[in-house]
Amino acid sequence: MPPHVGLFIPCYMDQFYPQVALASLELLEKLGCKVSYPIGQTCCGQPLANAGYERDTLTLAKHFVTLFKEVDYIVAPTGSCVLHVKSHFPELKGMEAELEKTQAKIYELTEFLTDILQLTSIKGKFPHKVGFHASCHGLRGLRLSSSSELQEPTFHKAKLLLDQLEGLEWVPLSRPDECCGFGGTFAVSEEALSICMGKDRILDHERNGTEILTGVDMSCLMHLQGIGSRSGSKLRYLHLAEILNQALS
Amino acid sequence: MNHPQAAAAFLKDQARASWHDETLWYVRDKRDAASKRLPEWEDLRTLASDIKEHTLSQLDYYLEKFEEKAFENGIQVYWAKDAAEHNQIVLQILQSKECKALVKSKSILTEECHLNPFLEKNGIAVVDSDLGERIVQFLNQPPSHIVLPAIHLKKKEIAELFHEKLGTEKGNEDPKYLTDAARIHLREKFLSAKVAITGVNFGIAETGEFVVCTNEGNADMGVHLADVHIACMGIEKIIPRRKDLGVFLRLLARSATGQSITTYSSHFRSPRKGKEIHLILVDNGRTAQLSRSNYRSSLKCIRCGACMNTCPIYRRSGGFSYGSTVPGPIGSILSPGLDVKKYSTLPFASTLCGSCTDVCPVKINIHEQLYAWRQEITQAQGWSGKELSIKLAKGIFTSPLAYRVSGKILRAALKSLPHSLIYHPLNAWGKGRDLPQPPASTFSEWYQKNRL
């Protein structure tokens, strides 16, 4: 029996990046999963909670837990929403067991591919210089890769996948895990800082020869792309799901 | 104070902001290299965290033990519940010695208590003897960083300042030349001071001694030449045993500057014959912080400054943008404990990237405490404007139908509205960023049409 995966798509991705959602769906199907996309998905509540309104996310959290009750796994092409579900869903009185199950079975897409499906020999080509943006919530929240601050064996779940693609050149960066400055409401409440941080990230990629900038969080990429586009930068932006899905076709 | 405004002002000079970022990143790099030379680094962090947790859990016991031992060693111990009491105690000691001028080595606690202006108002001249502190003192500024007080200043500015204050050659920016000039200037101050004030890095309960860590030896120079040594210590600086000290000394300098140890780690146990040591134990909000379960572990801090050097916000907004004695991530969880209204924007001056937590040598979960403060602040402050827009978002997101309709309107608006209206100056997203190209339909529309 193939695993039954419930696909969770972040609200901004549904609205602005349907192609990334579609790539995630196709990719999981190509890899043999039975995928369904429960209708009626809403925002997970992260922007509210990070802005200091976790108490107002109760309805959203209950809705989420109910919507994904039936599936074996919840997979989402985002690190930050997954971290929110795992760490910052509010206490759900009377639904404690369901909440615990939800938090245990939700995975960010790349960690699902490396840890559950355990992909080690993807057959596909992607002959490009790819720079990876390590979004903070995936990196230091979900531990999708080792962090430069810690003394730990080096590991990188996204690189593990991308390295399997023929012709793909991984671009080393001067600051491989510096924040891009998106930060949810931070992007507007600390606008000047947010832009400056984004520009610095783009510069690091440009200086080191990135052709395509990828990552596991489209929100960070949306922010970087927005700054890049305004300043006439030539970088292209693709979510990791798009790269894998293209390479596998 | 308002962090976004201060940060925006700092960023107006982009070249300077970029220089500030690079300078502190260089320090973070040195810290990385030093920490990675120790295979046991993570064990040391865990150990340090555990020792501090344990100490905080029995702080009253260790403090009394420390007081008792220190007293036996001939140290005079005082307790100050807040900054005002602390300053008063210092003043009384100085007045009893008829002291009109003193030297002080770097002490963030005395900055926190605003001791300098208080003493100056009472006719006592204070000379900060740490080079960086002396520089900011000449400029009548507070330190912008707890370990590197003058890190916001360039060599050229220091050369100009020294030309004006110390009569160095105009335009001579040679660091050695400038340091020598400062050394001669400070030497006179050391020789004439009867009282020296220092901070305390660690107080050891078992022995009643305390340890002061410096690189310039200025604390030692001041203390050894003076008759009276006043040491000001926050009550969280206590550690149980002397053998615990090594854990912290190994972490402190590596985390702060990438050195394996500070040049001087001076132990003070008993006054020499005819001399005096006065030790002031200061609370100033620490007991209150200890009682807040979400934030008590912020008291584990050993003031290494590593969270500032790693913070992408601090590096690009400067220490002054925080408007508090301790800036950066750790300051943003400590300061609201002192005055939640005044420092309400600080917990939001972060993307919650978590680098501060990973870099912290005593494993304070700084970014999680920032998140917790946000929850409290919104509730306590009643930010109506924000509340309103968030309510709107909540209204949209909780109802799947409303969320789809609003998204549709938004996407339609993006297609048809003129550029000038979408990128209205009040639209903070669009000021420096383009919006994504709106797609023809949402994923959920596509899915329902093609897959159901």
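Here is how names work: the chains are called A, B, and so on, in the same order as the sequence lines, proteins then strands, and each is numbered from 1. Worth knowing before you read on, the calculation uses all heavy atoms, side chains too, and leaves out hydrogens, waters and symmetry mates.
The minimum heavy-atom distance linking A:Glu190 with B:Pro4 is given by the pair OE1-CA, 3.2 Å. Taking each heavy atom of A:Leu193 and B:Ala7 in turn, the nearest pair found is CD1-CB, 3.6 Å. Scanning all heavy atoms of the two residues, the minimum distance from A:Ser148 to B:Arg31 falls at O-NH1, 4.5 Å.
The greatest number of non-hydrogen atom pairs below 4.5 Å with chain A, out of B:Lys12, B:Lys36, B:Arg45, is found for B:Lys36. Here A:Glu54 is the residue among A:Gln19, A:Lys199, A:Glu54 with the most heavy-atom pairs under 4.5 Å with chain B. In terms of heavy-atom pairs under 4.5 Å with chain B, the best-connected choice from A:Phe186, A:Phe182, A:Tyr37 is A:Tyr37. Contact tally against chain A (heavy-atom pairs below 4.5 Å) for B:Trp41, B:Trp25, B:Trp446: the top residue is B:Trp25. Among A:Leu139, A:Leu25, A:Asp177, the residue making the largest number of heavy-atom pairs under 4.5 Å with chain B is A:Leu25. Note: A:Ala49 leads A:Ala49, A:Cys180, A:Gly141 in heavy-atom pairs under 4.5 Å with chain B. Comparing A:Cys136, A:Gly183, A:Gly226 by heavy-atom pairs within less than 4.5 Å of chain B, the highest count is held by A:Gly226. Between chain A and the residues B:Ile313, B:Leu370, B:Leu452, the most heavy-atom pairs under 4.5 angstrom are made by B:Ile313.
Remark: A:Glu178 engages B:Arg315 in a salt bridge, criterion side-chain N to carboxylate O under 4.0 Å. Between A:Glu149 and B:Arg28 a salt bridge is recorded (basic side-chain N to carboxylate O distance below 4.0 Å).
Residue B:Pro436 forms a side-chain contact (heavy atoms from CB on, under 4.5 Å) with just one option from A:Tyr237, A:Tyr12, A:Tyr17, and that option is A:Tyr17.
Remark: the backbone N or O of A:Ala187 is paired with a side-chain donor or acceptor of B:Arg433 at under 3.5 angstrom. In this structure, the side chain of B:Thr378 engages the main chain of A:Gly52 through a donor-acceptor pair within 3.5 Å. At least one donor-acceptor pair closer than 3.5 Å links the side chain of A:Arg55 to the backbone N or O of B:Gln375. Checked by atom type and distance alone, the side chain of B:Glu42 pairs as donor or acceptor with a backbone atom of A:Gln151 at under 3.5 Å.
B:Ser444 contributes atom OG, which lies 14.0 Å from atom CE of A:Met13 (distance to the nearest 0.5 angstrom).
Two residues are said to be in side-chain contact when any heavy atoms from C-beta on lie closer than 4.5 Å; A:Ile9 and B:Tyr447 fail this criterion.
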